[in-house]
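One structure is given below, encoded as structure tokens.
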Amino acid sequence: MNILVANLGSTSFKFRLFRFDPATSLGAGGAGAATMLAKGGYERVTDYGQAIDDCLGELKTAGHVRTAADLHGVGFKTVLGKNLTGCLRADTDSRVIDALNGFKEIAPAHNPPYALGIQRFREKLPGVPLVALFETAFYQWVPEAATRYAVPQAWHDAGVRRYGFHGASHKFVAERSAELLGRADIADRVRALYQAGPTPTEGAPLRVVSCHLGGSSSVTGIRDGVAIGTSMGLSPQSGLPQNNRVGDLDSAAVPFVMKTLGLPLAEVERQMTKESGLLGLSGVGNDLRDVKAAAAQGNARARVALDVFIHSTRHWIGAFLAELNGADALVFTAGIGENNPDIRAAICAQLDGVGLAIDEAKNNALRGAEGEISAAGSRTKIFVIPANEELVVARETLRCISAKN
Ligand code: AMP
């Protein structure tokens with residue numbers, strides 16, 4: 001079974017092709033053995049139709065597929081939809097594109113490319129099942145108190161609430177950390193989550209705080225494999241400082257800068273989504289490596305940017321340590337979390353009082369790979385788990401297709 005995962009940006013198209021062994025179970029809890037056969041992509045894409053043709057051409061030349069008929073499904077990591085979440089067929093269910101368009105103002109960099117791209121896939125590959133896995137899907141069971149903003153009812157009714165993002169990444173962490181902690185029951189629960197919902201559990205609760213730290217960052221609290229809350233809110237412009245997008249911001253800031261700096265709303269939005277985050281704080285760049293290099297050379301703004309990022313991450317870890325009454329594991333994932341021992345060490349500094357101690361040598365030795373970095377006496381294990389969002393999308397795509405057939 002060949003599943004293509006398409007990652008669509010406003011001017012980019014990235015893809016991965018997975019092959020699943022039909023002999024392995026994908027049913028409730030089944031892991032589904034998959035091999036990634038191909039990975040590629042194009043920048044400066046102006047026509048997704050052409051990109052789809054190019055992608056199929058590459059896969060054909062490499063001998064992975066002969067025609068579109070050899071693709072058993074295409075999965076999309078869609079961000080958020082109006083009144084819609086979960087894992088849904090995007091070729092036969094018109095609600096998917098409508099829901100993406102319905103919230104294009106909340107995720108202007110993400111929703112329009114997916115709505116357009118999925119439409120082009122429908123035209124180019126008729127008969128090939130298309131599946132949308134919303135990033136918000138992992139947060140379907142978050143308690144209402146953690147999803148509500150204290151806004152007038154009409155705002156809430158219009159959709160102003162916390163949704164949460166990076167769902168595929170945090171779901172993978174939930175599954176893999178359960179395996180690393182010897183809780184196969186919880187790993188099975190996570191894999192079956194979008195089909196079966198939160199099934200009953202036995203044994204001690206498994207509490208995980210997952211830190212997805214990358215170009216875009218979030219911290220999520222997970223109990224027994226199910227999210228109980230996250231740092232991201234209505235939009236991906238919330239929570240931790242992002243690469244060039246503002247994180248949490250007092251709502252009074254927007255009218256204040258409009259009045260005092262004379263900025264029109266569109267310009268405020270542009271600056272919050274393009275000139276804020278690590279870039280806005282440091283003035284150096286939006287890549288953590290550049291910010292770190294500048295800080296090492298004595299750039300004070302770059303140092304502040306790192307300190308704000310570390311402080312904000314600790315703030316959200318603390319929130320979920322309280323919600324979960326401690327944690328069995330703290331996990332680092334994504335580009336920053338996987339590759340920066342110094343940032344991990346700063347985030348974990350002086351947390352022995354809440355049961356968290358990092359092993360300096362193990363931490364320094366681990367970059368870009370899975371492993372445990374906690375000290376021997378740490379009550380909470382600390383892991384690095386490389387992000388594997390595309391595998392989650394591929395598996396859910398296959399499950400969705402299998403369930404419908
Ligand atoms: P992501 O969005 O997960 O690709 O993460 C991007 C962020 O991860 C950028 O801020 C990079 O600075 C950081 N990053 C990626 N690779 C490395 C690396 N090898 N060493 C240090 N930082 C890295």
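Counting starts at 1 for both ligands and their atoms, in listed order. None of these values were measured; they are calculated from a predicted model.
On a distance-only criterion, Gly215 and ligand 1 share at least one N/O pair closer than 3.5 Å. Among the atoms of Gly335, some N or O lies under 3.5 angstrom from an N or O of ligand 1. For the pair Asn286 and ligand 1, the shortest N or O to N or O distance does not fall below 3.5 Å. Checked against a 3.5 angstrom limit, the closest N/O atoms of Asn340 and ligand 1 fall inside it. Residue Leu288 places at least one N or O, backbone or side chain, under 3.5 Å from an N or O of ligand 1. Looking at His212 next to ligand 1, no N or O pair under 3.5 Å apart turns up.
For the side-chain contact (heavy atoms from CB on, under 4.5 Å) with Asp224, the lone residue among Asp185, Ile186, Val208 that qualifies is Ile186. Of the residues listed (Leu84, Thr85, Val142, Thr230), the one engaging Thr136 in a side-chain contact (heavy atoms from CB on, under 4.5 Å) is Thr85, and it is the only one.
The distance from ligand 1 to the heavy atoms of Ile336 drops below 4.0 Å at these ligand atoms: 7 (C), 8 (O), 10 (O), 13 (C).
The closest donor-acceptor contact from the side chain of Arg189 to the backbone of Thr199 lies under 3.5 Å.
The side-chain tip of Lys171 points at the ring of Tyr194 from less than 6.0 angstrom away and within 45° of straight on.
The protein atom (non-hydrogen) at minimum distance from atom 12 (O) of ligand 1 is Asp287 OD1, 2.4 Å. In terms of protein heavy-atom proximity, atom 19 (N) of ligand 1 is nearest to Asn339 CG, 3.6 Å.
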Hey, mind stepping through Arg66 and Asp70 against salt bridge (Lys or Arg N to Asp or Glu O under 4.0 Å) and telling me if it holds? CA-CA 6 Å; Arg66 282 162 301 158; Asp70 289 336; 3.1 Å; yes
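Between the side chains of His212 and Thr333, no donor-acceptor pair of N or O atoms lies under 3.5 Å.
For atom 10 (O) of ligand 1, a protein non-hydrogen atom is found at a distance below 4.0 Å.
The aromatic rings of Phe76 and Phe121 lie perpendicular to each other, with more than 60° between the two planes, well past the 30° mark.
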